[in-house]
Amino acid sequence: RLDAVAGREGFRRDGAVVLLDSAFQEVRRWEFRSGWPAAWEGPDLDAVVIGEGEGTLAELAGALERGEPLGGIAGLVWRARGEIRRNPHRPLESDLDALPFPARQLLGDPRQYLPPPGTYRAQPVATMMTSRGCANRCVYCCQMDPERRVRYRSIPNVLDEIELCLAQGYGEVRFLDDTFTADRQRV
């Protein structure tokens, strides 16, 4: 909830900002097929972050707090005066080591977040990604990179995050990479 957006034109009056993140990839396809998705027709969706959202979301929060226009935020689609506005795409992050580790300490007790029974050996379980992207061209996939490349974090960076997870009390790390085992030398 951001008090700075309460009543701002195009946003909800209660100050809540409703966003969809990069998992909402279908926006890209619907835009060219049949206009915008049905979610835009109601008053409940304020903005969509297209692509990798770390930079876009940080810029959006800052702009909303300062009351600045949203037109210069790459990777953002938003509603203004009843119209859907779309900014240019944000380039994909090439240096994944530059991204901060997730602030897992803000989640509170990690034992509250457990995967389904029988899918882990030690709890609590942290999730981690050591790469982004995929070089394959599966027809059902929503990969964002038209070049179809894989970008990797460095091994020291991954080990630092694993050590942090263990220090925070996590008993297991689950890797969520799209192609974790594609490079056998890396695994």
Side-chain angles (χ1 to χ4, degrees), residues 1-2 4 16-28 47-66 73-77 87 89-138 140-187:
R1 177 162 160 47
L2 294 170
V17 178
V18 179
L19 289 168
L20 291 174
D21 66 11
S22 60
F24 193 62
Q25 290 299 311
E26 288 301 309
V27 168
R28 196 170 12 169
V48 176
V49 174
I50 302 289
E52 296 177 338
E54 292 90 355
T56 301
L57 194 54
E59 286 183 33
L60 174 62
L64 291 174
E65 205 157 48
R66 294 184 299 273
I73 301 174
L76 183 69
V77 180
N87 295 344
H89 282 280
R90 179 178 297 276
L92 297 176
E93 180 63 57
S94 59
D95 180 11
L96 298 183
D97 286 356
L99 298 173
F101 297 155
R104 293 180 182 92
Q105 72 278 5
L106 298 177
L107 296 174
D109 185 358
R111 292 173 293 183
Q112 297 179 67
Y113 306 98
L114 296 178
T119 63
Y120 58 89
R121 293 181 183 211
Q123 57 179 321
V125 179
T127 58
M128 181 184 305
M129 292 185 76
T130 69
S131 66
R132 289 184 179 178
C134 177
N136 298 314
R137 296 188 177 275
C138 302
Y140 54 82
C141 187
C142 65
Q143 282 292 322
M144 294 177 276
D145 187 356
E147 296 175 29
R148 296 297 191 174
R149 60 194 162 120
V150 180
R151 297 160 292 136
Y152 296 101
R153 292 171 52 192
S154 69
I155 299 302
N157 182 264
V158 171
L159 292 175
D160 286 347
E161 186 175 354
I162 291 172
E163 288 177 9
L164 178 61
C165 289
L166 295 174
Q168 290 174 333
Y170 289 92
E172 182 175 314
V173 175
R174 179 173 289 181
F175 296 99
L176 299 178
D177 301 43
D178 292 325
T179 55
F180 184 72
T181 59
D183 182 350
R184 291 177 187 253
Q185 292 180 349
R186 190 165 188 273
V187 176

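In this text, all values refer to a predicted model and were calculated from it rather than measured experimentally.
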If I compare all heavy atoms of [X] with all of [Y], which pair ends up nearest, and what's the gap?
X: E93; Y: A98; value: OE2-CB, 4.4 Å
X: C165; Y: M128; value: SG-CE, 4.2 Å
X: A122; Y: G171; value: CB-O, 3.4 Å
X: R104; Y: A126; value: NE-CB, 3.9 Å
X: I73; Y: A63; value: CD1-CB, 3.8 Å
X: S131; Y: V150; value: CB-CG1, 4.1 Å

Is there a side-chain contact between [X] and [Y], using heavy atoms and a 4.5 Å cut-off?
X: E59; Y: R90; answer: yes
X: V125; Y: V173; answer: no
X: L164; Y: F101; answer: yes

Check your understanding: Charged N to carboxylate O under 4.0 angstrom, R132 versus E54?
Key ->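 Salt bridge: yes.
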
Check your understanding: Is any side-chain N of the basic residue among R153 and E161 closer than 4.0 Å to the acidic one's carboxylate O?
Key ->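 Here R153 pairs with E161 in a salt bridge, since their nearest N and O are under 4.0 Å apart.
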
Side chain [X], main chain [Y], donor-acceptor under 3.5 Å:
X: T179; Y: A182; value: no
X: N87; Y: G75; value: no
X: D97; Y: N157; value: no
X: E172; Y: R121; value: yes
X: D178; Y: C134; value: no

Check your understanding: Looking just at side-chain N and O atoms, do R186 and T181 make a donor-acceptor pair shorter than 3.5 Å?
Key ->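 Distance-only check fails for R186 and T181.
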
Review point. Between R174 and T127, does any side-chain donor sit less than 3.5 Å from a side-chain acceptor?
Key: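 Looking only at side-chain atoms, T127 and R174 do not form any donor-acceptor pair under 3.5 Å.
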
Say you draw a straight line from [atom1] of [X] to [atom2] of [Y]; how long is it, rounded to the nearest 0.5 Å?
X: I162; Y: T130; atom1: CD1; atom2: OG1; answer: 8.5 Å
X: M129; Y: Y152; atom1: CE; atom2: OH; answer: 12.0 Å
X: L64; Y: L60; atom1: CG; atom2: CG; answer: 4.5 Å

Check your understanding: Does a sphere of radius 6.0 Å around CZ in R111 hold more than 12 heavy atoms from other residues, nucleotides or ligands, not counting ones at 6.0 Å or beyond?
Key ->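 For R111, atom CZ is not crowded (no more than 12 foreign heavy atoms under 6.0 Å).
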
